[in-house]
Amino acid sequence: MIRPVYIYGSPILRKVAQDIDSTFPDIKQLIDDMFETMYHSDGIGLAAPQIGLSIRLIVIDASPLEEDDPTLKDFKKVFINAKIVERFGDKKQYKEGCLSIPNLREEVEREEKVRIQYLDEHFTPHDEVFDGIPARVIQHEYDHIEGILFTDRVSALRRKLLGGKLSAISKGKFDVDYKFKLPK
Ligand code: NI
């Protein structure tokens, strides 16, 4: 089932999300819904707060970026209760976007590598290092479960310039083909 995407200004996007365990109701269906919602909106990552659930659940499918990096062909993963334990390597700029902030893209600086501990969809623990585009997407989605948005990570000047656009977005002044939910 496709779920509506919560838009900039929704309080849930600012909450630190909670860990879950395998007894979480209908977790399989929820993961399926998140992938379906993400594919429907042409996203490559989605975090549960973006569909209105303050839990530490992230889905990523970076295969649409295979052209930029052939190793992404099968990069489809679920991250539950993720914790980034280390960020390292050079800092890189990359133009990010977000389904919760439609039609806005900005250069964001992030470390090129991360070490992350998480549970997969079977609640099996992993401790892995990612770099390149996966590390970029993971850090963006991880921010969502920490209540952070990519627009928080642009320069103070840039953020000031974005103020009007963000306010317009929160009022629904944008055009997208997916279901969404505006802040009250
Ligand atoms: Ni996002």
Side-chain angles (χ1 to χ4, degrees), residues 2-18 30-65 68-69 72 75-84 87 91-112 114 116 118 130 132-155 158-159 162-163 165-183:
I2 291 168
R3 312 261 194 134
V5 174
Y6 283 57
I7 298 298
Y8 186 93
S10 303
I12 196 148
L13 296 175
R14 292 310 192 175
K15 283 170 81 174
V16 176
Q18 300 299 306
L30 174 58
I31 291 169
D32 286 350
D33 286 359
M34 284 183 63
F35 275 113
E36 197 182 348
T37 301
M38 184 183 80
Y39 292 137
H40 173 70
S41 49
D42 292 322
I44 52 170
L46 189 71
Q50 293 182 275
I51 58 159
L53 290 169
S54 193
I55 58 172
R56 297 180 82 83
L57 169 62
I58 291 166
V59 301
I60 294 177
D61 185 345
S63 58
L65 299 176
D68 302 328
D69 176 354
L72 298 177
F75 196 96
K76 180 179 176 182
K77 283 182 189 294
V78 175
F79 296 84
I80 294 170
N81 300 349
K83 187 157 182 36
I84 290 180
R87 301 174 199 245
K91 290 197 170 180
K92 292 269 169 69
Q93 297 276 342
Y94 189 88
K95 218 167 213 176
E96 296 188 15
C98 181
L99 297 176
S100 295
I101 314 178
N103 307 332
L104 191 123
R105 294 175 69 78
E106 287 290 322
E107 294 278 347
V108 179
E109 186 180 88
R110 298 186 191 271
E111 280 90 349
E112 79 185 318
V114 286
I116 186 168
Y118 66 98
F130 295 96
I133 290 171
R136 170 65 57 166
V137 180
I138 286 167
Q139 289 181 83
H140 177 110
E141 300 310 328
Y142 185 80
D143 273 353
H144 277 302
I145 59 171
E146 292 286 306
I148 299 166
L149 298 168
F150 80 91
T151 45
D152 302 341
R153 296 196 180 275
V154 302
S155 70
R158 198 67 210 136
R159 204 158 52 240
L162 288 178
K165 275 191 194 171
L166 289 171
S167 152
I169 287 169
S170 70
K171 295 184 178 85
K173 292 175 188 156
F174 56 81
D175 186 24
V176 295
D177 289 334
Y178 50 89
K179 278 204 284 180
F180 58 86
K181 192 171 162 59
L182 294 175

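Just so you know, ligand 1 is whichever comes first in the structure, and atom 1 is the first atom listed for that ligand.
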- Task: Identify whether the distance between the nearest side-chain nitrogen and carboxylate oxygen of R153 and E96 falls below 4.0 Å.
- Result: no

- Qualifying residues under salt bridge (Lys or Arg N to Asp or Glu O under 4.0 Å), relative to K76, sequence neighbours excluded: none

- Would you list the protein N, O or S atoms within less than 2.8 Å of the Ni ion (ligand 1), leaving out water? C98 SG, H140 NE2, H144 NE2

- Message: Would you say that E107 contacts K92 through its side chain, given a criterion of any heavy-atom pair below 4.5 Å between the two side chains?
- Response: no

- Query: How many angstroms lie between atom NZ of K171 and atom CG of L166, to the nearest 0.5 angstrom?
  - Reply: 10.5 Å

- Task: Name all residues meeting the ring pair (Phe, Tyr, Trp, His ring centres under 6.0 Å) criterion together with H144; count only those two or more places apart in sequence or in a different chain, and write none if there are none.
- Result: H140

- Message: Going by the rule side-chain contact (heavy atoms from CB on, under 4.5 Å), which residues pair with F130 if we only count those two or more places apart in sequence or in a different chain?
- Response: F75, K77, F79, V114, I116, Y118, E128, P134, A135, I138

